[in-house]
There are 2 protein chains.
Amino acid sequence: MRRAVTIKDVAAEAGVSLQTVSRVINDGPNVRAEVKARVNAAIAKLGYTPSLAARRMGGSRSYLLLALNDRDRTIEGWTSGEGTDWVDQMLMGGMLECARRGYRMIFELVDTHSSHVEREVAGALAALNPDGVILTPPHSDNPLITDLLERRGLPFARIGSQTPGAGFAIAMDDAEAARVAARRLIDLGHRRIGFITGSDEYALSAARLDGYADALKAHGLFDPALVTPGDFSFQSGEAGMTALLALAQPPTAVVASNDQMALAALRVANGRGLSIPQDLSIISFDDTPIVRFSHPPLTAIRQPVAAMTAQAANLLMRAKAGETDLPMGRLVPFSLIERASTGPAPA
Amino acid sequence: MRRAVTIKDVAAEAGVSLQTVSRVINDGPNVRAEVKARVNAAIAKLGYTPSLAARRMGGSRSYLLLALNDRDRTIEGWTSGEGTDWVDQMLMGGMLECARRGYRMIFELVDTHSSHVEREVAGALAALNPDGVILTPPHSDNPLITDLLERRGLPFARIGSQTPGAGFAIAMDDAEAARVAARRLIDLGHRRIGFITGSDEYALSAARLDGYADALKAHGLFDPALVTPGDFSFQSGEAGMTALLALAQPPTAVVASNDQMALAALRVANGRGLSIPQDLSIISFDDTPIVRFSHPPLTAIRQPVAAMTAQAANLLMRAKAGETDLPMGRLVPFSLIERASTGPAPA
DNA sequence: GTGAAAGCGCTAACAC
DNA sequence: GTGTTAGCGCTTTCAC
């Protein structure tokens, strides 16, 4: 069990000082091409890879990005077995982007509701010393967390948040997405279009509602009775759909603020003997894998989670590398995936 | 942006030496209860959390576990949007277990087919210095990887592998699971039971086939024509089911070695006008979220990925902590989840 | 352009 | 039981 190869071994092999090797690794200036080549050859020959821990100790970077997700909601998704595509997409976007620069992304769960969020987060920061933090809803808009990060001067990204303020705000245009969804239904001839909102804890819930309301108002179709509150859970979707169907003039189409609630709406509608999309059209938000397997498969707004996370990671790494003039916010394009849950309004 | 609080600060606050604080943190011996309490008070007061990087540098532990997954298959699952519950369940099981002991799990992708697997893995080991490595299929049985780990004397766990050898072998009893599935179908009166195998690259594929064959042979029902090769992909499932239905005496029930292939079998059967489960019963392996949303929902063997990963993490951490007499293998219980894709054999 | 020295925050080994 | 010393593998700062 031989000792690991260190920067020293490389320096000896290349016949240069330890410091020169460090310069080559870090793409630093002041190394002659010839020396650089020799060092790189030694690195390749010995199969050297710098130790993250040592780099963190010596220098000012840890090559670690910390991604924080809501504990309850994430664990609930995992145990319910309903699939948490969110985490997968974050890993894909974040991990792959990190790998391009020798970074790693560490995934951690934090309890938003807890009174000691700050302590939890501070603990993770102290243990890991990340170069940047990626916040996801609802953490993205939690001042307890964002203020802490700001005070520490630690770069961070707020995914799914469009609020101005410290940290990079990376989001899709939720309002525009809801507008697009509603407009599509209007184009299909629908005049009574219901909306099931997301949880108040998420800023994007309001944005989605606004976009929907906008689109309807533009055509004189808005009616507050068509808006029913949800909290992203299946149960709240059932309740919402039930309430909408109980209206004197029930909707012929519904936009649900996430997939679970859309699936719930589908279930309730089917239970009432309604055919989808003949009697009722449904558009959902997020487009996690499960909506492809419902009957019929749901038309949905695809939330670009992987792309948002990749953007976040990219900006954080560049910020840490000293790059300046980085955009403080980014809107990542979404798309409307038309499947079989939408059709012309009934005659 | 104040300096982080270090072990020194705690030592000063508690009026003891730095080393005593270290002893308290590490639950070491030789600290009087009174001193220990004073140190803990100082830790709480200052909100101290030890730095992982520093612990790694000074000591012999990094408090990091490395989980290695197959690159192609994982990315394919992520991009196809068909849901890779595997990763989620690993995170849930591994991360939560790690957290109990102050560990972190780092998730990494490695290309099994690449000629430089060893270099890839060695690079990750050098960078991270993990205290243990969690291997998943097909890495679990890749000698290029297991030998490397063994040479380094690094504790590792092979998930889904029952092969004896170095490293902890954590698996479910794949043969028994297949036996249970086949027996259930036999109990339902089926006499012609097909089987779609998994990829040869996975040792568990053979185990599942063996269990199935066992059960059928015990009742004199085994017929090699009923076994058709698959590779875990949807396409191979379609091909396999098509082949089975083309038999002179087609099966009235099918066991597929994973969910994708079972879903493919369902699709093909529906295409032929067969009703599930009236004309054909289907049992799948793995029980990822999607099988709950097919029509009908599939009866499936649930693979306890979270539990296996938790076990793996637990054993690795204990091994690193110097615990001895740990079991070299562990069989984690599976279960047969009966849904609507199984029923009595047609008359 | 290159090298030498100091130090990051801890733990291991040993002294007291 | 507790303190002291050395050193982990790097980067930073500064000298040449």
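In what follows, chains are A, B, ... by sequence order, proteins preceding strands, each numbered from 1.
Scanning DNA chain C 5' to 3' for nucleotides with an atom closer than 4.0 angstrom to a non-hydrogen atom of chain A gives a first and last hit of dG1(C) to dG9(C).
For Ser60(A) and dT12(D), the shortest distance from a side-chain N or O to OP1 or OP2 is below 4.0 Å. Between Arg55(A) and dT11(D) there is a side-chain N or O to OP1 or OP2 distance below 4.0 Å. Side-chain nitrogen and oxygen atoms of Ser17(B) include at least one within less than 4.0 Å of the OP1 or OP2 phosphate oxygen of dG3(D). Between dT2(D) and Arg32(B), a contact under 4.0 Å exists linking OP1 or OP2 to a side-chain N or O. In this model, the phosphate group of dC8(D) is not approached by any side-chain N or O of Thr6(A) to a distance below 4.0 Å at OP1 or OP2.
For the pair Leu52(A) CG and dG9(D) C1', the computed distance is 12 Å after rounding to whole Å. Atom-to-atom, CD1 of Ile7(A) to P of dT12(D) comes out at 11 Å; the value is rounded to the nearest Å. Distance CD1 (Ile25(A)) to P (dC10(D)): 7 Å, rounded to an integer number of Å. Rounded to a whole Å, the CG atom of Asp9(A) is 12 Å from the P atom of dC8(D). Gln19(A) has its CD atom 15 Å from the P atom of dA15(D), to the nearest Å. Taking atom CZ on Arg56(A) and atom P on dC8(D), their separation rounds to 18 Å, with Å as the unit. What separates CG of Asp131(A) from C1' of dT11(D) is a distance of 13 Å, to the nearest Å. If you measure from atom CG of Leu128(B) to atom C1' of dG9(D), you get 15 Å, rounded to the nearest angstrom.
Checked by atom type and distance alone, the side chain of His139(A) pairs as donor or acceptor with a backbone atom of Val110(A) at under 3.5 Å.
Salt bridge present: Arg151(A) and Glu118(A) bring a charged side-chain N and a carboxylate O closer than 4.0 Å. Salt-bridge check for Glu76(A) with Arg71(A): failed, with every basic side-chain N at 4.0 Å or more from each acidic carboxylate O. A salt bridge does not link Arg152(B) with Asp147(B): every distance from a Lys NZ or Arg NE/NH1/NH2 to an Asp or Glu carboxylate oxygen is 4.0 Å or more.
Tyr63(A) comes within 4.0 angstrom of no nucleic acid atom, judged by non-hydrogen atoms across all strands. Leu18(A) comes within 4.0 angstrom of a base, heavy atoms only. When heavy atoms are screened at a 4.0 angstrom cut-off, Pro50(B) is found touching the sugar-phosphate backbone but no base atom.
Comparing Lys36(B) and Ala54(B) along DNA chain D, the residue whose closest nucleotide (by nearest heavy atom) sits nearer the 5' end is Lys36(B). Comparing Arg23(B) and Gly59(B) against DNA chain D, the residue whose closest nucleotide sits nearer the 5' end is Arg23(B).
Heavy atoms from other residues, nucleotides or ligands lying under 6.0 Å from CZ of Arg100(B) number 12 at most.
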I would like to know whether Arg104(A) and Cys98(A) meet side-chain contact (heavy atoms from CB on, under 4.5 Å); could you show each step before the answer? CA-CA 6 Å; Arg104(A) 319 274 158 166; Cys98(A) 281; 5.9 Å; no
Candidate pair Met57(B) and Arg56(A), rule side-chain contact (heavy atoms from CB on, under 4.5 Å), full reasoning: CA-CA 10 Å; Met57(B) 288 301 289; Arg56(A) 145 75 186 85; over 6 Å; no
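Annotation: cation-pi pair Arg330(A)/Phe168(A) absent, no NZ/CZ under 6.0 Å from the ring centroid and within 45° of its normal.
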